[in-house]
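To keep things clear, I will list the structure first and then write my remarks on it.
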Amino acid sequence: MNRAARAFWLDSPGRGEIREVDLPEPGPDEVVVRALYSGVSRGTETLVFRGGVPESQHTAMRAPFQEGDFPGPVKYGYLSVGVVEEGPESLTGRTVFCLYPHQTRYVVPAAAVTPVPESVPAGRAVLAGTVETAVNALWDAAPLVGDRIAVVGGGMVGCSVAALLARFPGVRVQLVDADPARAKTAEALGVGFALPADADGECDLVVHASATEHGLARALELLRPEGTVVELSWYGDRRVGVPLGEAFHSRRLTLRGSQVGTVSPARAHRGYGDRLALALDLLADPALDALVTGESPFEELPDVMPRLASGDIPALCHRVRYDDPAAGTHA
């Protein structure tokens, strides 16, 4: 079996490169995975790419199979889908999801991969990590039948939350974003859309995912008295002003953080593996294809990442395709 591989590394903030990798021999409880696709989570990964992870968060922000340290050189990423080439008989030949960086082949413990259901195409399965974030957020938020809900911020995470909320009976869901082009995404997901100035108020719940100060302020404005904002944005090294004066106290509003690194206390009896398996099951819905807005070959990633970080390539999830001649064609 060919043990050569190639991996994308952030050499220094703003500059990436592809490096050759020699894979170790797999142990009895390990698998060799040949990558088919990986996904670039535009918010988090472009923040890492520009060197925006604050020093205080270097440990908390580590990806499961990260190599190197922030700000670089570092191998970072966590949305990989591939085929098991070697490993236990129950996994060999199966398509799996793994929280692994962008790399053509890799060796990981068998427990680190999750089989992708047959109902989910491999190319859509790269969304599993983000849908898992949305699942955790909704466990935190605990929406009820008939709630009036706004999702402020139509990025990858916000759209994933909106897509799951669209399945709740009797719920009014509105995706709120400053980019009018997000209206098409909202339509594909089966939810309403509004620009920030036109959004419906008196919300029972607002999920904020715009990672902007203005977005957070608008999220608070959209609440009914005693309503809740669930904050999903990751601001990195930026300081954010929160309008806790004015009517915040008199209206008895709640601002609550949510982060996928910990399973929601509301579902503490469910483990990480169970949460990820649920996210993969939810990806059977073809409407979620709307979140994949671009694709390029792995070899072009050093040129593509700066363009994603600058916004030159507008994207929700940008999918990376692996056409590795040494590994055979992708599925």
Side-chain angles (χ1 to χ4, degrees), residues 42-43 127 130-235 240 242-243 246-248 251-258 264 279 282-283 285-293 314-317:
R42 186 171 179 270
L127 298 168
T130 308
V131 172
E132 183 184 10
T133 299
V135 167
N136 205 61
L138 294 182
W139 282 351
D140 280 333
L144 299 176
V145 172
D147 272 357
R148 294 160 296 180
I149 304 174
V151 179
V152 177
M156 192 174 169
V157 171
C159 284
S160 295
V161 171
L164 298 190
L165 284 170
R167 307 174 183 207
F168 279 65
V171 167
R172 183 195 79 189
V173 186
Q174 192 170 59
L175 183 66
V176 180
D177 197 273
D179 183 358
R182 288 288 181 261
K184 291 184 178 179
T185 306
E187 182 180 6
L189 297 176
V191 300
F193 175 81
L195 297 172
D198 302 326
D200 295 331
E202 292 298 302
C203 292
D204 302 290
L205 169 69
V206 177
V207 178
H208 179 238
S210 81
T212 67
E213 190 171 297
H214 293 303
L216 178 55
R218 186 63 177 136
L220 289 166
E221 290 172 352
L222 294 177
L223 289 175
R224 63 163 174 80
E226 306 217 10
T228 298
V229 168
V230 172
E231 176 61 276
L232 283 180
S233 300
W234 169 242
Y235 297 94
V240 177
V242 184
E246 303 174 0
F248 180 82
R251 299 177 68 219
R252 297 174 59 84
L253 305 181
T254 298
L255 176 60
R256 177 176 185 180
S258 177
S264 169
L282 292 170
L283 281 166
D285 185 352
L288 289 160
D289 284 331
L291 304 188
V292 179
T293 51
L316 293 174
C317 176

Could you check if a side-chain atom of [X] sits within less than 4.5 angstrom of a side-chain atom of [Y], using non-hydrogen atoms only?
X	Y	value
D285	R167	yes
S160	L291	yes
H208	L220	no
W234	L232	no
L253	V229	no
D204	L144	no
C159	L189	yes
S210	D177	no

Any side-chain to backbone donor/acceptor pair from T293 onto L316? Under 3.5 Å, distance only. yes
Residue set satisfying side-chain contact (heavy atoms from CB on, under 4.5 Å) with P169, at least two apart, ordered chain then number -> V145
Measure the spacing between [atom1] of [X] and [atom2] of [Y] and express it to the nearest 0.5 Å.
X	Y	atom1	atom2	value
T133	L138	OG1	CG	11.0 Å
R251	L223	CZ	CG	6.5 Å
L283	T130	CG	OG1	9.5 Å
F168	D147	CZ	CG	9.0 Å
E213	Y235	CD	OH	8.5 Å

Tell me the closest heavy-atom pair linking [X] and [Y], and the distance in Å.
X	Y	result
A315	R182	O-NH2, 4.1 Å
S258	A137	OG-CA, 3.6 Å
V151	G158	CG1-O, 3.4 Å
E202	P225	OE1-CD, 4.1 Å
R172	C203	NH2-SG, 3.6 Å
D140	G257	OD2-O, 4.5 Å

Intermediate values then yes/no, side-chain contact (heavy atoms from CB on, under 4.5 Å), V191 and L165: CA-CA 9 Å; V191 300; L165 284 170; 5.9 Å; no
Looking at L255, V152, V206, which one forms a side-chain contact (heavy atoms from CB on, under 4.5 Å) with L216?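 Single side-chain contact (heavy atoms from CB on, under 4.5 Å) partner of L216 among L255, V152, V206: L255.
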Residue list, side chain to side chain donor-acceptor pair (under 3.5 Å) with E226, at least two apart or on another chain: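 Partners of E226 by the side chain to side chain donor-acceptor pair (under 3.5 Å) criterion, ordered by chain and then number, come out as R252.
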With sequence neighbours excluded, what pairs up with D179 under the side chain to side chain donor-acceptor pair (under 3.5 Å) test?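 Scan of D179 (side chain to side chain donor-acceptor pair (under 3.5 Å), adjacent residues dropped) gives none.
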SB check R148 D200 (cutoff 4.0 Å): no
Before accepting this row, confirm whether a basic side-chain N of the pair R218/E221 lies closer than 4.0 Å to the acidic partner's carboxylate O. yes
